[in-house]
Protein chains: 2
Amino acid sequence: MADRNAARTRERILEIAGELFRARGYAGTSIADIAGRLGTSKSALYYHFASKEEILDALLAGVLAAHARVAELAGSAEHGPAEVLGAVVDMVAGSGAVLATFGADPSVAAALAGRDHVHGLRAKDEQVVARLAGGDPGALAAVAALAVAKDGGRALMAERGALSAADRADLLAAALRALDG
Amino acid sequence: MADRNAARTRERILEIAGELFRARGYAGTSIADIAGRLGTSKSALYYHFASKEEILDALLAGVLAAHARVAELAGSAEHGPAEVLGAVVDMVAGSGAVLATFGADPSVAAALAGRDHVHGLRAKDEQVVARLAGGDPGALAAVAALAVAKDGGRALMAERGALSAADRADLLAAALRALDG
DNA sequence: GTCTATACAAAGATAGAC
DNA sequence: GTCTATCTTTGTATAGAC
């Protein structure tokens, strides 16, 4: 039962940290800020997480896994542009708030520099672009299509809170149009 | 002549600060970091700028003005989607590195919260979207088109350093395709 | 599991000499 | 214009009681 409470508290911390990181940035958010919203002391927080960076890692784990799955899909030759971009849209819709944090905050990238994650992420984006470009060196249209799916998706999420099935379909269509009309 | 040197130093500070803000985020960059790269003490910095935030303001002034010009263009009814999106592309190409900072860093938005700028910025984006949507309430395609021009443009800038005339034309074409095929 | 108290470093900023 | 020295606040993190 004690375990239950600890797990609940852990979840609340991640939830609060996610909100604050998104609003003020990772570097711009202090442990005191998080503890304040949680309604406990800073020390209580350190019982659940060994450091601020550990909170970030826990928050990012899901997004990184989702990116990895999309990149894997893009890597295999069996999937067309529509499938790949559809997977990107679903990923954005699924990991919404956290992705907004990760993708938008330079201090997150700086905190993770050298620790595999970042290069992994950028490499994964490039893998998707390469697949969409189909070997074409002038990959501008592919970059544009990914921008629609990922950044356009983020903008829509921020605006509407979530993406309906119709939104996803429309977004995919717009991305495909950006790719090659 | 003393004025000349001061002006030069001011420029160097802005240059260095811009790079660091982009790499580590605004909140993640300290005055000491900037002074270190400048090769002087922290105090020297405070001779040129009264505060960290003042550096940010100076850095953002150009981008905000550029956004205002685009929004103004979008506001007048005489310009079509191609003109508006072209202006967005030019704005991105022109204010490159700084826009990447501004658009991507939550700690920048937090630092400016309440101080007109931010609402101004978001409002200006919405004005562009509204114009592109042409009154259509389902503005997804407009959001998508803006994402191509702005975020796609950012991604390209990050990748290529600058946008050639051909890049701009291609990007605009992709944005128009995202808008309505 | 959460608290108070505290260590310790880093941050933003200022004073006053040169 | 730039320095050294210093103040103050804030930040991350730990120790030890309950």
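In what follows, chains are A, B, ... by sequence order, proteins preceding strands, each numbered from 1.
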Provide, to the nearest angstrom, the distance between the CZ atom belonging to B:Phe49 and the C1' atom belonging to C:dA13. 16 Å
Select base, sugar-phosphate, or nothing to describe what B:Ser30 touches, counting heavy atoms under 4.0 Å on all strands. sugar-phosphate
In this structure, how many angstroms lie between the P atom of C:dA11 and the CD1 atom of B:Ile34, rounded? 11 Å
Which heavy atom of A:Val92 sits nearest to which heavy atom of A:Gly153, and what is that distance? CG1-C, 3.9 Å
Can you tell me how far NZ of A:Lys150 sits from CG of A:Leu85, rounded to the nearest 0.5 angstrom? 12.0 Å
Rounded to the nearest 0.5 Å, what separation is found between the OG1 atom of B:Thr40 and the OH atom of B:Tyr47? 13.0 Å
Where the side chain of A:Thr40 is defined as all heavy atoms beyond and including C-beta, which of C:dC3, C:dG12, D:dA13 is the nearest nucleotide? C:dC3
Would you kindly give the CD1-to-P distance between A:Ile31 and D:dT9, to the nearest whole Å? 22 Å
B:Tyr26 has an atom OH; how far is it from atom C1' of C:dA11, in whole Å? 12 Å
Taking only the side-chain nitrogens and oxygens of B:Tyr47, find out if one of them lies under 4.0 Å from OP1 or OP2 of D:dG1. yes
A:Ala87 backbone acceptor or donor facing A:Asp90 side chain under 3.5 Å: no
Separation of C:dG12 atom C1' from B:Leu45 atom CG, nearest Å, is 12 Å
For A:Glu53, I'd like to know if atom CD has over 12 heavy atoms of other residues, nucleotides or ligands within 6.0 Å. yes
Nearest to the side chain of B:Tyr46, heavy atoms from C-beta on, is which of C:dA13, D:dT2, C:dG1? C:dA13
With sugar-phosphate meaning primed atoms plus P, OP1 and OP2, does B:Ser43 contact a base, only sugar-phosphate, or nothing at under 4.0 Å between heavy atoms? base
What integer distance in Å separates B:Arg12:CZ from D:dG1:C1'? 13 Å
d(CD1, A:Ile13; C1', C:dT2) in whole Å: 11 Å
For the side chain of B:Ser41, starting at C-beta, report the closest nucleotide among D:dC3, C:dC3, C:dG12. D:dC3
What is the distance, rounded to the nearest whole Å, between atom NE2 of A:His48 and atom C1' of C:dC3? 12 Å
